[in-house]
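Here's the structure, in structure tokens; my notes come after.
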Amino acid sequence: MDNRIDAIYGRQSIDKKDSISIESQFEFCRYELKGGEAKEYKDKGYSGKNIERPDFQRLLKDIRAGLIRRVIVYKLDRISRSIVDFAKLMELFKQYNVEFVSCTEKFDTSTPMGRAMLNICIVFAQLERESIQMRVQDAFYSRCAKGYYMRGRAPYGFDTEPIVMDGIKTKRLVENAEMDYAELMYEMYAEPENSYGDITRYFTENEIMVYGKTLKRGFVGQLLRNPVYVQADMDIYEYFKAQGAKIESPPELFTGEFSCYLYQGREGEENILVIAPHKGRIPSSLWLAVQHKLSQNTTFQNGRKCHNTWLAGKIKCGCCGYALASLNAPNGVTYMRCKQRLENKSCQGPGTLTKHDLEKSVYEEMVKKMREFQTLKGSKAEGYNPKLTAARAKLAKIEGEIEKLIDTLTGANPLLLQYANSRIEELDAERQKQLKLVADLTANSVSSSQVDSITGYLSHWEDVSFDDRRRVLDTLVSKVEATRTELAIEWKI
């Protein structure tokens, strides 16, 4: 005598008007019972792309325990939309002699034709799932490209408010009181001597909580990398273009008035950058300085304070590129030694270098470099230069047109090749003129206050504190490579 019981299974991925509820599915399944009893299994909020569903796993466990005689579903795709999963389930049902019944599709799985029709139906169920997934992705990336807010919880320092863009309801970020703390994180990290640890300790000591908890280093890193805080101008446009991002907004919108969203692209594709409808708080210069420091973390940001030389973190061996470490000799002289040579002697070393001589040489080079800027007087100490923005936007358009023309050259006929090459030459000549204009406007936009501030430090170098010397160096210099005979400086200006 077969004492096994019937089982009915229902699944609903989301609640919406055109989807049938689990309760309605069970009503259809009960017609197949003809008044008999059955054990109910249901999974609400789970997709049919796999079988990792709590109640479905409970059903499979009962089947393996020999408790189930028949599994009844409203429709085939309630079980699975995956061909592979469905084939494995049919094998399991056959192994434990379990009958499978779909209320809306009648199959005789005991015949080859019935099994073939069953497989065909599950193929179309998987196709439907993948088509739905593709439509959802297309809609998501379409909304991303238009600048709609497509995140969950608002980033730290923001709330959201409902707005309508192009007739579509969406949300816009608005600053709240916590934005001051977000800005403080940027300002603190921009200081050469500060690390994540310094910021978290400051927040803890001053009892500043983030989402009701103490600030963690990982959170600081994520916040500092998020462009949602920046005033998106042409510097930001060029930065993300260099990073390979797909920039959906035209260059002329990058005026610094609004911020931007960075969305992850489709699998195998670049990220998407688009102008956002909210205003940014962090100036692009500060945001980019922070990104530069973050990118250099592995070379000089190790969470420890340097005390021996203000060149620490910038000074490298001119032979191998590794950092130079300061070592105090018994005679009282501090020498700069290559770390690579100290560790394994794989570098021949830069020769005899003393801290005093290196600091003196770098200082003299900074004084010489600043003389070039002594006569520069910017029209504004702060704010964005509309002429420079327009020039950069035009340059970006020209470069974009050149890239499109180059793309058309593949497989082009001789006539098209001749036209494209001629047009590229014209555009390149325009590009060179625009590059010179951008360079001139950039130089003229250096504010006199910035020049005077750094020059003032350099003029009274002996009275300048260790930390301020580090700040001056970090403002002017990206890297210093030294040997006994040569000094090469990579400037930021």
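Numbering starts at 1 and runs along the sequence shown.
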Determine yes or no for a side-chain-to-main-chain donor-acceptor pair under 3.5 angstrom, with [X] supplying the side chain and [Y] the backbone.
X	Y	answer
Tyr261	Val228	no
Asn194	Met188	yes
Asp428	Arg431	no
Lys293	Glu191	yes
Asn206	Ile208	no
Tyr186	Leu223	yes
Ser259	Pro227	yes
Asp166	Ile168	no

Shortest non-hydrogen contact from [X] toward [Y]:
X	Y	answer
Ile51	Asp85	N-OD2, 3.9 Å
Pro251	Tyr237	CG-OH, 3.5 Å
Ala329	Tyr335	CB-CE1, 3.6 Å
Arg225	Tyr196	NH1-OH, 3.3 Å
Leu286	Glu187	CD2-CG, 4.1 Å
Gln231	Arg281	NE2-O, 3.3 Å

Residues that Phe258 engages under side chain to side chain contact (heavy atoms under 4.5 Å, CB included), provided they are two or more places apart: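 In terms of side chain to side chain contact (heavy atoms under 4.5 Å, CB included), with neighbours along the sequence ignored, Phe258 is linked to Ile275, Lys279.
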Which residues share a side chain to side chain contact (heavy atoms under 4.5 Å, CB included) with Asn271, sequence neighbours left out: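 Result, side chain to side chain contact (heavy atoms under 4.5 Å, CB included) vs Asn271: Leu262, Gln264.
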Take Cys338 and Cys319 through the test side-chain contact (heavy atoms from CB on, under 4.5 Å) and record every step on the way to the result. CA-CA 9 Å; Cys338 173; Cys319 297; over 6 Å; no
Nearest 0.5 angstrom please: [X] [atom1] to [Y] [atom2], how far?
X	Y	atom1	atom2	value
Ile454	Ser459	CD1	OG	11.5 Å
Arg172	Thr160	CZ	OG1	11.0 Å
Ile163	Tyr148	CD1	OH	9.0 Å
Arg471	Asp474	CZ	CG	10.0 Å
His292	Leu294	NE2	CG	10.5 Å
Cys260	Ile247	SG	CD1	9.5 Å

Here's a test for you: under side-chain contact (heavy atoms from CB on, under 4.5 Å), which of Thr352, Leu353, Leu342 qualifies with Arg337?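 That would be Leu342; it is the only one of Thr352, Leu353, Leu342 passing the side-chain contact (heavy atoms from CB on, under 4.5 Å) with Arg337.
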Check whether more than 12 heavy atoms from other residues, nucleotides or ligands sit under 6.0 Å from atom [atom1] of [X], and answer yes or no.
X	atom1	value
Tyr181	OH	no
Lys241	NZ	yes
Arg484	CZ	no
Glu426	CD	yes
Gln348	CD	no

Got [X] and [Y] here, is their nearest side-chain heavy-atom distance under 4.5 Å?
X	Y	answer
Leu358	Leu487	yes
Leu60	Gln57	yes
Asp235	Ser285	no
Pro155	Tyr229	yes
Tyr363	Arg469	no
Lys169	Pro162	no
Leu215	Tyr202	no
Met209	Thr214	yes

Would you please test Lys368 and Glu364 for salt bridge (charged side-chain N to carboxylate O under 4.0 Å, His left out) and show each step? CA-CA 6 Å; Lys368 195 183 298 181; Glu364 290 172 350; over 6 Å; no
Salt bridge between Lys369 and Glu365, side-chain N to carboxylate O under 4.0 Å?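 No salt bridge links Lys369 with Glu365.
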Listed partners of Tyr239 passing ring pair (Phe, Tyr, Trp, His ring centres under 6.0 Å), at least two apart: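 Partners of Tyr239 by the ring pair (Phe, Tyr, Trp, His ring centres under 6.0 Å) criterion, ordered by chain and then number, come out as Trp287.
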Before giving the answer on salt bridge (charged side-chain N to carboxylate O under 4.0 Å, His left out), spell out for Lys88 and Glu91 the whole-Å C-alpha distance, their side-chain angles and the decisive distance to 0.1 Å. CA-CA 5 Å; Lys88 290 178 180 177; Glu91 287 295 323; over 6 Å; no
Would you say the ring centers of Phe56 and Tyr46 fall short of 6.0 Å from each other?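 No; Tyr46 has its ring centre 6.0 Å or more from that of Phe56.
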Go through Arg201 and Asp198 one step at a time and tell me if the side-chain contact (heavy atoms from CB on, under 4.5 Å) criterion holds. CA-CA 5 Å; Arg201 280 189 291 274; Asp198 294 305; 3.1 Å; yes
Let me see the working for Met366 and Tyr457 under side-chain contact (heavy atoms from CB on, under 4.5 Å), right down to the final yes or no. CA-CA 11 Å; Met366 289 194 296; Tyr457 279 126; over 6 Å; no
Parallel under 30°, tilted from 30 to 60°, perpendicular over 60°: which one fits the rings of Phe158 and His278?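 Aromatic pair Phe158/His278 classed perpendicular.
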Classify the ring geometry between Phe219 and Tyr211 as parallel (under 30°), tilted (30 to 60°) or perpendicular (over 60°).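 Aromatic pair Phe219/Tyr211 classed perpendicular.
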Between Glu359, Lys314, Lys355, His356, which is the residue that forms a side-chain hydrogen bond (donor to acceptor under 3.5 Å, both in side chains) with Thr309?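 The side-chain hydrogen bond (donor to acceptor under 3.5 Å, both in side chains) with Thr309 is passed solely by Glu359 among Glu359, Lys314, Lys355, His356.
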